[in-house]
**Student:** 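Okay, handing you the structure first.
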Amino acid sequence: MTPEDALIELLDRVAALQGASTLFNTAGLAQWPSDAVSAMIAQKLITKVRPASSVVCPGCEDECTMPVHTIPVPSGDPALFVVCDKRSDTNRVEISPDALAQWQATGNSIANLLARLLGLRRSNVGDTLSSRWEIGVFKGAKHSSHLVLLADDKLTLTLAGHSIALVEVLVLEGDTFKVDKRRLTHLVDQPVTGAGDIESAVQRRERIKKRVQDERAKGTKAFLKVVAEEEGISITRLKQLTKDDSKPDKPSFTW
């Protein structure tokens, strides 16, 4: 199995659960290349969660799923075991802590990874609907659009009216994730007429105004510089975009 195969398997499993928490155990991750697993952990694509409360018993070939019992030990880790009630020649079967360790991946963790790789700031993270995660505003050479991750029978990205399978633009080479930014730029610069995710000039202006207000409210000292760098514009241009047009211009006098 290659790192790319491991990534595709992870994405398929997350899509099958509509982006809900998808669990992976130690045995499953051991089937994947170690550099791929290390990259997934480092990038927080998968995160460790509380140990499992049941396990496939290794006591015999029946491989029954059994609850795990714990006995505290004065010094050291607690004793973990399952109690077999199905065979007369087996009673207590010791379980390794590693057998209970588990990690999870979600639609949100994938969206966070994409945002980091593309240098985007996620907005409305707390308001995301089930099976839909907004990644951020992706800017091309001519246009910009909201980049959205959707989970159906597979994971797809939508922007500027286009839809593309995530596996076509996200790859894992060894221990490095890469996004085909060039392809996304090509799509956003050729928007589909009437596409709802295209950001108009008015929408962009209002979004930038809100970003400035948010940074100011947080107490960010150089809030104008922070937002200007995010948008790839000068502070002067930022001030022009956020100018309050509702205020009347100062009267001019001719002598």
Side-chain angles (χ1 to χ4, degrees), residues 1-52 55-56 98-125 128-140 145-188 197:
M1 174 180 281
T2 66
E4 183 67 6
D5 292 333
L7 175 62
I8 291 174
E9 181 178 329
L10 181 147
L11 297 180
D12 285 345
R13 288 181 59 177
V14 172
L17 292 181
Q18 301 290 292
S21 177
T22 305
L23 297 178
F24 302 86
N25 58 25
T26 303
L29 294 183
Q31 304 300 312
W32 294 353
S34 58
D35 51 354
V37 175
S38 296
M40 292 175 182
I41 293 174
Q43 289 290 335
K44 298 181 180 180
L45 178 58
I46 58 175
T47 55
K48 201 167 188 177
V49 293
R50 64 186 305 171
V55 68
V56 175
D98 286 343
L100 302 182
Q102 54 185 1
W103 288 258
Q104 73 169 5
T106 64
N108 199 52
S109 69
I110 296 171
N112 285 335
L113 171 65
L114 291 168
R116 287 194 298 272
L117 294 175
L118 293 170
L120 302 181
R121 176 184 178 274
R122 294 195 64 196
S123 59
N124 300 324
V125 177
T128 53
L129 300 175
S130 176
S131 305
R132 184 186 190 279
W133 300 268
E134 181 152 345
I135 298 169
V137 176
F138 184 82
K139 296 186 288 292
S145 169
H146 290 273
L147 182 63
V148 177
L149 174 67
L150 300 175
D152 195 358
D153 57 333
K154 61 182 178 180
L155 295 177
T156 60
L157 292 174
T158 63
L159 75 166
H162 299 280
S163 179
I164 185 171
L166 180 58
V167 294
E168 293 187 28
V169 292
L170 177 65
V171 297
L172 177 57
E173 298 178 356
D175 61 354
T176 304
F177 287 97
K178 295 181 180 180
V179 176
D180 191 345
K181 191 172 182 178
R182 183 175 180 179
R183 188 166 183 183
L184 294 178
T185 300
H186 175 75
L187 293 176
V188 79
D197 279 329

**Student:** Can you find a heavy atom in the side chain of V137 that is under 4.5 Å from one in the side chain of L120?
**Tutor:** no
**Student:** Taking C-beta and beyond as the side chain, do E134 and R122 meet within less than 4.5 Å on heavy atoms?
**Tutor:** no
**Student:** Taking side chain as C-beta onward, heavy atoms only, is L149 less than 4.5 Å from L155?
**Tutor:** yes
**Student:** Would you mind reporting whether K44 and S109 have side-chain heavy atoms less than 4.5 Å apart?
**Tutor:** no
**Student:** Counting C-beta onward and ignoring hydrogens, is there a side-chain heavy-atom pair between M40 and W103 closer than 4.5 Å?
**Tutor:** no
**Student:** Where do Q102 and P51 come nearest, in terms of heavy atoms and distance?
**Tutor:** NE2-C, 3.8 Å
**Student:** Under the side-chain contact (heavy atoms from CB on, under 4.5 Å) test against S163, which residue among L157, T156, L187, L150 passes?
**Tutor:** T156
**Student:** If you look at every heavy atom in V171 and L7, which pair is closest and at what distance?
**Tutor:** C-CD2, 3.8 Å
**Student:** Can you confirm whether I164 sits close enough to V169 that some side-chain heavy atom of one is under 4.5 Å from a side-chain heavy atom of the other?
**Tutor:** yes
**Student:** Is any side-chain heavy atom of F138 less than 4.5 Å from a side-chain heavy atom of K181?
**Tutor:** yes
**Student:** Drop me the distance from L170's CG to D180's CG, to the nearest 0.5 angstrom.
**Tutor:** 10.5 Å
**Student:** Going from CG on L45 to CG on N112, what distance comes out if it is rounded to the nearest 0.5 angstrom?
**Tutor:** 10.0 Å
**Student:** With sequence neighbours excluded, give me every side-chain hydrogen bond (donor to acceptor under 3.5 Å, both in side chains) pair touching residues 21-31.
**Tutor:** S21-Q104
**Student:** Taking all heavy atoms of A15 and all of D153, pick out the closest pair and write down the distance.
**Tutor:** CB-O, 4.1 Å
